[in-house]
Structures are given as structure tokens and as C-alpha cells.
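Here's the structure we're looking at; comments come further down.
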Amino acid sequence: MFGSQKINEENTLEIGGISVTDLREKYQTPLYVMDKKYIVDKVNLMKNNFKSDKIKTEIAYASKAFLTVGMCKLVKELDISLDVVSGGELYTASKSGIDMKRVHFHGNSKSVKEIEMALDLEIGTIIVDNHLEFETLERICGEKNKKIDVILRVNPGIDAHTHEYIQTTLHDSKFGESIFMKETMELIKKMDKSDYIVFKGLHSHIGSQISDHKSFLKAAEVMSDYIKEILDEGIVVEVLNLGGGFGIFYAEGDVEVDLALCLSSMVKIVEEINERKGLGIKEIQIEPGRSLVANAGTTLYTVQGLKKTYTGKNYYFIDGGMTDNIRPALYQATYTGTIGNKMLDKKSEIATIAGTCCESGDLLIKDAPMQKACIGDMLCIFGTGAYNYSMSSNYNRNLKPAVIMVENGKAELIVKRETYEDLIRNDIY
Ligand code: LLP
């Protein structure tokens, strides 16, 4: 169990001091529950370990993991920056009252409209992905007579072990410009000379759900070495952004990165190379997404059907599935679940948790030990705070669940449950 999760005297799971049965009564299921204390504690742990007396440090929450106006407000309260990757994320941020100077805009395929929007909203930094994007950005800045801080995303060619869909720095990745191409150095020189963009530094993100902390240290080292090559060309790289990707625990077999050790070691490596080689790095940044929010999230479902197949497979049917959590179908991701109103009962069954969609692959958990279920029981799946709500869909015209943030016995609705009217809002009839 994570954060403020507990088992109460009624053998029921409690999150943020509220039992899941009470939450269901008030908000219905399926329901995403975010544990505020978990996020606050994780940010504090990161701040306490990603710090230096010599270099400024900055944490930017990678909002693709989970973004709503309410989440932006929490980011503001926690005094961290925000990484966005689309016009939609930019817009959400702009409606939240967050300081737009603390917004970093990413993406390998930004549209002209999105770039214009970012400039009009006066965000802090654009992370440029490639040559052509730099040219487009420079032209638009010229037309608008605006200057913007820019960081170039580069690919340091690090083979970090994770699912192939979320690897990002293999040599043929779509992200960033390779540090092994001489054209990249030429681009940096052009950026440095530009009248409209202020070249601040470099960015790399080696992938997501990476459990070996040595991959992050390797990235810090390789990037620092590349910064020395740039310095030799007479250009100072002031900002080094090392991305996110810190692996977390979802289910048996997952190794969670020791964040305290990983972050403090990353800082030490950069500090050391910076000093030894006189690099002039003034600021290091990270962009954690999953590690801040995944284990803050629990999805609550109601068991609404049970089935045993001819071969003896045991299905628990729930009122959600791949539309609120696509990760098992997309990445073969594994999760841990429990019957929230039978917490201490023995997990005497081997059950497969199946969703409502007309897809054989709509299974959230496969063949896992589970308490014996009855219709109406509450199935709770942990670790659903990242890339669940943000990747949810209306497939089969299912409605997206509500999202609540809980803390100290109080629940705050941060996203309303969709209605059937919402579903046809854009249909022409
Ligand atoms: N920075 C950049 C540039 C990124 O592309 C990402 C994630 C992050 C930071 C945050 O990574 P995190 O700390 O969350 O691992 N949908 C996939 C994950 C895709 C990650 C994309 N980029 C999943 O559900 O596993």
C-alpha cells in the first residue's frame, strides 16, 4: 500500500482518511482517486535530494502523466515547474493560474499554431526538437518580435532497458538530434547566434519506467561530456535538463528506482564534471511524471459480473477497463489489485480482472491471487495515477470516470464524471 492508504476496522481500504465504500457512495465507480499527500511527499523527497550548493536545480512535473486544472494548481502550490507537450496541455496550464514562465513546452512535432500559442502565453522555455523546428520558431519569433529561451533536445544514444514503446534514446528514435551528428553542433552554433531565440542549454530524456538508476548517471555523464565539446566551440551551456523516466513499483517483479540515491548521485556527477572541466553549467533540471503521481492513484471499480470458463479461468468483470487504463493492453503493463471491502480476507482465488470493452485484450490484471468476490464488491487497482486518466478514451462510447483528490478525510472533485450528453457534444445531428 502507498501513501495514506490504510485498512480500517471494517476491513475496508481507506485513502486519505476516507473509506473506498464511502467514496463510491458519493462519487460512484469507476473512479480515479488521487492521494494528495503522496504527491506532496514525493515532491519533497525529490527537492531534498535534487539539490546543490553550486548549481541551481529545478523540477518540472511532466504533465503528460496526469493533467487537470486541479493538478496544475497543486504544481503551483508545490512551487515546481510544468512540462507540457501539446496545445491542450498548454491551454490547461494557462487556465489554472500557474506562472506561465515556469512552463516548458516539449514535442517533436509542434504545430505553428501551438508555437504561436506558447509565445502569446509568454511561457518560459521551448524545448526544440530539431533543425526545422528551430527555423520555424525563429521565423515566428521574428514575425512577432518576441524572444524566447530555448533548450535543444538531443539524443545521447543511451540504451536504457524498458518497454520498446517508451524507449527514447536509441539512435533511430524520433526524439531530438543525435549528439553523434556533426550537424547537431552546427545547429547549436546557429541557435547561439540567433537574434530571437536565447540558447540556454540541452535536454535529454532516456525513456520511461527505467529501473536501473545507473542509466540516469550514464546520461548525466555523457551529456556533461558533450557540453564540454560545445564549450570547446566557444558556447556555454547553462542549463542541462536530464528528463524524467524514474521507474516505479506496479507489481511483483518491478524494481523502484531509489530516488534519493539516484537524484543526489546525478547532481554530484554534474557538479563534479562541471567543476573539473569548467563547463559553466548553472542549472540542472529533471522532468519526473510517473514517479510523482502513479502511486498516488487508485482506481475504484465495482464488480458487476463473475464467470468461470470451460477451462476453469476465473473472471471478475468490472465497470471499467481499457478505456480508463489502456496500459495493460498497450504495454503489457502489470498492476496490483485488491477487493477494497475485503482487505484482510485471504487471496484464495486466482482471478483475471476483465473490463467492459468488446476486446478480448481488455484485461487489467491477469491470473492474480485475489479475494473471493461477489457482485457489488469493490475492486481497487493501485498505481493508476500516471498515464491512466491522461490516456483514457471513449471507446465503445464508455464515459470517462470522475477524478477526486483526497487528503485528511476530505475529498475534492477535480474532474466531473462524463455524461452521455458530453459524448455527443461534438456530433452533428
Ligand atoms: N520528459 C519527457 C521529454 C518525456 O517524454 C517524458 C515521458 C517525461 C519527461 C516523463 O517521463 P516519466 O517520468 O513519466 O517516466 N505512456 C507511457 C509513458 C510515456 C512517457 C512519455 N514521455 C506509459 O504509460 O508508460
Side-chain angles (χ1 to χ4, degrees), residues 39 42-43 46 50 58-67 71 75 80-86 89 103-110 125-130 133 151-156 158 160-170 173-177 201-213 215-216 219 223 240-251 254 256-257 259 262-263 266 284-297 299 322 324-335 364 381 383-393:
I39 303 174
K42 231 18 193 322
V43 167
M46 290 197 181
F50 191 66
E58 180 73 4
I59 300 169
Y61 166 59
S63 68
K64 55 183 79 70
F66 171 72
L67 188 68
M71 184 62 203
V75 164
I80 55 175
S81 295
L82 190 78
D83 142 24
V84 300
V85 75
S86 68
E89 289 183 354
V103 173
H104 306 181
F105 185 25
H106 262 286
N108 66 295
S109 179
K110 302 177 185 79
T125 310
I126 293 189
I127 290 96
V128 164
D129 179 83
N130 57 65
E133 187 191 319
I151 288 180
L152 175 67
R153 179 161 182 177
V154 294
N155 179 348
I158 289 169
H161 186 74
T162 185
H163 191 284
E164 64 174 311
Y165 290 4
I166 48 180
Q167 273 179 334
T168 50
T169 53
L170 295 183
S173 157
K174 73 168 183 168
F175 299 108
E177 297 281 17
L202 297 184
H203 173 281
S204 82
H205 167 76
I206 58 173
S208 201
Q209 184 58 0
I210 293 165
S211 50
D212 181 6
H213 87 279
S215 302
F216 297 102
M223 291 294 288
L240 171 59
N241 185 324
L242 290 164
F246 310 104
I248 62 135
F249 176 87
Y250 283 106
D254 289 335
E256 178 141 352
V257 164
L259 269 180
C262 181
L263 297 180
M266 279 163 83
I284 34 176
Q285 305 175 340
I286 47 167
E287 285 166 349
R290 186 192 317 269
S291 50
L292 282 186
V293 293
N295 282 324
T299 311
M322 67 189 295
D324 60 75
N325 185 358
I326 189 67
R327 300 191 70 260
L330 192 57
Y331 313 115
Q332 301 80 48
T334 51
Y335 281 88
L364 296 189
I381 298 192
T384 57
Y387 305 111
N388 273 224
Y389 175 68
S390 63
M391 294 177 81
S392 62
S393 78

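Just so we're clear, the structure is a prediction, and the values are computed from it rather than from any experiment. All ligand and atom numbering here is 1-based and tracks the order in the structure. The chain is numbered in sequence order, starting from 1.
- Within the 3.5 Å criterion, the main-chain N or O of Ala251 finds a donor-acceptor partner in the side chain of Asp254.
- If you look at Asp83 next to ligand 1, the close heavy atoms, those under 4.0 Å, all belong to the side chain.
- Backbone and side-chain nitrogen or oxygen atoms of His106 are examined, and none is located within less than 3.5 angstrom of a nitrogen or oxygen of ligand 1.
- Annotation for ligand 1: atoms under 4.0 Å from non-hydrogen atoms of Arg153 are 3 (C).
- With Glu256 contributing its side chain and Phe249 its backbone, the two residues share a donor-acceptor pair below 3.5 Å.
- For His203 and Glu287, the side-chain atoms include at least one donor-acceptor pair closer than 3.5 Å.
- Counting only distance, with no hydrogens or angles, the side chain of Thr125 and the backbone of His104 share no donor-acceptor pair below 3.5 Å.
- Counting the atoms of ligand 1 from 1 in the order shown, those under 4.0 Å from a heavy atom of Met391 are 16 (N), 24 (O).
- Those atoms of ligand 1 that come under 4.0 Å of a heavy atom in Gly244, given as number and element, are 9 (C), 13 (O).
- Nearest to atom 16 (N) of ligand 1 by heavy atom, out of Phe66, Phe175, Tyr250, Tyr331, is Tyr331.
- Between the side chain of Asp83 and the main chain of Tyr61, no donor-acceptor pair closer than 3.5 Å is present.
- Using a distance-only test at 3.5 Å, with no hydrogens or angles considered, no donor-acceptor pair links the side chain of Lys64 to the main chain of Gly289.
- Contact annotation: Ser291 has no heavy atom less than 4.0 Å from any atom of ligand 1.
- The shortest N or O to N or O distance between His203 and ligand 1 is not below 3.5 Å.
- Looking at Arg290, His205, Arg327, Gln209 and measuring to atom 6 (C) of ligand 1, the nearest heavy atom belongs to His205.
- Using a 4.0 Å cut-off to heavy atoms of Pro288, the atoms of ligand 1 that qualify are 13 (O).
- Listed by number with element, the atoms of ligand 1 under 4.0 angstrom from any heavy atom of Gly289 are 12 (P), 13 (O), 14 (O).
- Of the inter-residue distances, the one linking Ile286 atom CD1 with Leu240 atom CG reads 11.5 Å to the nearest 0.5 angstrom.
- Under the 3.5 Å distance criterion, the side-chain polar atoms of Gln209 are matched with a main-chain donor or acceptor of Ile248.
- At a 4.0 Å heavy-atom cut-off, ligand 1 touches Ala62 through the side chain alone.
- Within the listing of ligand 1, atoms 11 (O), 12 (P), 13 (O), 15 (O) sit less than 4.0 angstrom from a heavy atom of Gly245.
- Here the straight-line distance linking atom CZ of Arg153 with atom CG of Asn108 works out to 8.0 Å at 0.5 Å rounding.
- The distance criterion of under 3.5 Å between nitrogen or oxygen atoms is not met by Gly207 with respect to ligand 1.
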